[in-house]
Amino acid sequence: MLAATVRVARDLDLAEECVQEAYASALESWVSAGIPDRPAAWLATTARRRAIDAIRRDRALRSRLPLLVEPEEAGDEPAPPEPAEQAAADTVEALPDGRLRLIFMCCHPALGQGAQIALTLRLVCGVPVSDIARAFLVSEPTMAARITRAKKKISTARIPYRMPRPAELPERLPAVLAVIYLLFTAGHTAPSGGSLVRADLVHRAAYLARMLHELMPGEPEVGGLHALLLVTQARLATRVDGAGRLVQLKDQDRSRWDRAALAEAHDIIVGCLRAGPPGRHVLEAAIASLYAEALSYRWTDWTQILTLYDRLLLVWPSPIVRLNRTVPLAMVAGPQAALAEVEQLELDDRLAGYQYLPAIKADLLSRLGRPGEAAIAYRQALALATNEAERVFLAEQIAEQTFAI
């Protein structure tokens, strides 16, 4: 709805208001008149009409109060497109999903990439501000302010709400990939709530990644993201048991994994690796694929995974990547070596509120036979966790360590 309406309104705030008004109108009129045969079309038409009415009212007001407003500058109204521009627009309009069109539209290079991603996650994907803040490792008020500033910049700079031309797509691609990646992450492990997984977000992100890969098959990072999501989605059903309790990777039933999806991902990864030096998403997909290809957790190729993490750190020097690298490091060099790395990461302020740092530290301490310290670290992770399934798991680990003291 927002994707369709913003193309008429050319203003995000106005488009949001019109969409909300359309839903409110439906709640009133459908009770008495019944649900229409095409409810989506009814909503889209209502929102679009409200946007047109608002634009007309605004123009009428400005025409009647010429002394109170600045005259419009020439060029404010969009000029009729040139034939070449129209052909480019037709090419982009072939995108079969309005959400993907709107993602590209919102990822405007006039905004910083972080602002592009946050704004798009909020407006297009409906991810709560609190969850976006956790993904960026910042506070919720900080993230809310960033999104507000981004919307204000779009308004004051009069950034046009149109689809980018095909030549402009590569410039926006990194932010688009980040949006889909973070949308999937928010579903794979829900930042809050009672369920570990939000399947609706997972499937939406996986669908968008597949569609983007079909549209841009020559982009290795697009293929890498598609493969990464395929691998992760392939084992989604085994991440919780029948009661919704978290199941660690080492305890998951690998016979239930989607082998067709894993095979498809493997072929994509091989093709991307042959195309040239791998980027972030290709390397992440290769790591995930190695985890999934092993016959058991014990027989995982930990040395190769550690090597891939070292390559990943070169192209994406993130503290989270360093933290994740401690998992294979512990299997190759032992938990003490991994613990030393974790203790160094504790000095990084960016991970101050990141629950998985004390959780990984607790696991390493437990494996080193230090249950008292492990229990303290698990309590630190529990204090930071907001997902109920993860909180239950952490509480169980605390009980085990306490019993072992």
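Note that the structure is predicted; figures quoted are calculated from it, not measured. We number each residue from 1, following the sequence as shown.
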If we ignore hydrogens and angles and just use 3.5 Å, is the side chain of [X] paired with the main-chain N or O of [Y] as donor and acceptor?
{"X": "S366", "Y": "A362", "answer": "no"}
{"X": "R391", "Y": "A385", "answer": "yes"}
{"X": "Q116", "Y": "H108", "answer": "yes"}
{"X": "T45", "Y": "W42", "answer": "no"}
{"X": "E341", "Y": "T326", "answer": "no"}
{"X": "N387", "Y": "A190", "answer": "yes"}

Taking atom CG of D37 as the centre, report whether more than 12 heavy atoms of other residues, nucleotides or ligands fall under 6.0 Å from it.
no
Tell me if the CD1 atom of I35 is crowded by more than 12 foreign heavy atoms within 6.0 Å.
no
Aromatic plane relationship, H188 with F184 - under 30° parallel, 30 to 60° tilted, over 60° perpendicular
parallel
So E390 and Q355, do their side chains get closer than 4.5 Å, heavy atoms only?
yes
Non-hydrogen side-chain atoms of E16 and L2 separated by less than 4.5 Å
yes
Among T120, L212, V179, whose side-chain contact (heavy atoms from CB on, under 4.5 Å) with F104 holds?
L212
Can you confirm whether or not the ring centre of W302 sits under 6.0 Å from the ring centre of Y297?
yes
For residues 309-320, the side chain to side chain donor-acceptor pair (under 3.5 Å) pairs (sequence neighbours left out) are D310-R325
Going by the rule side-chain hydrogen bond (donor to acceptor under 3.5 Å, both in side chains), which residues pair with E373 if we only count those two or more places apart in sequence or in a different chain?
R370
Given the ring of Y181, does R280 sit roughly above its face, with NZ or CZ under 6.0 Å from the centre of the six-membered ring and within 45° of the axis?
yes
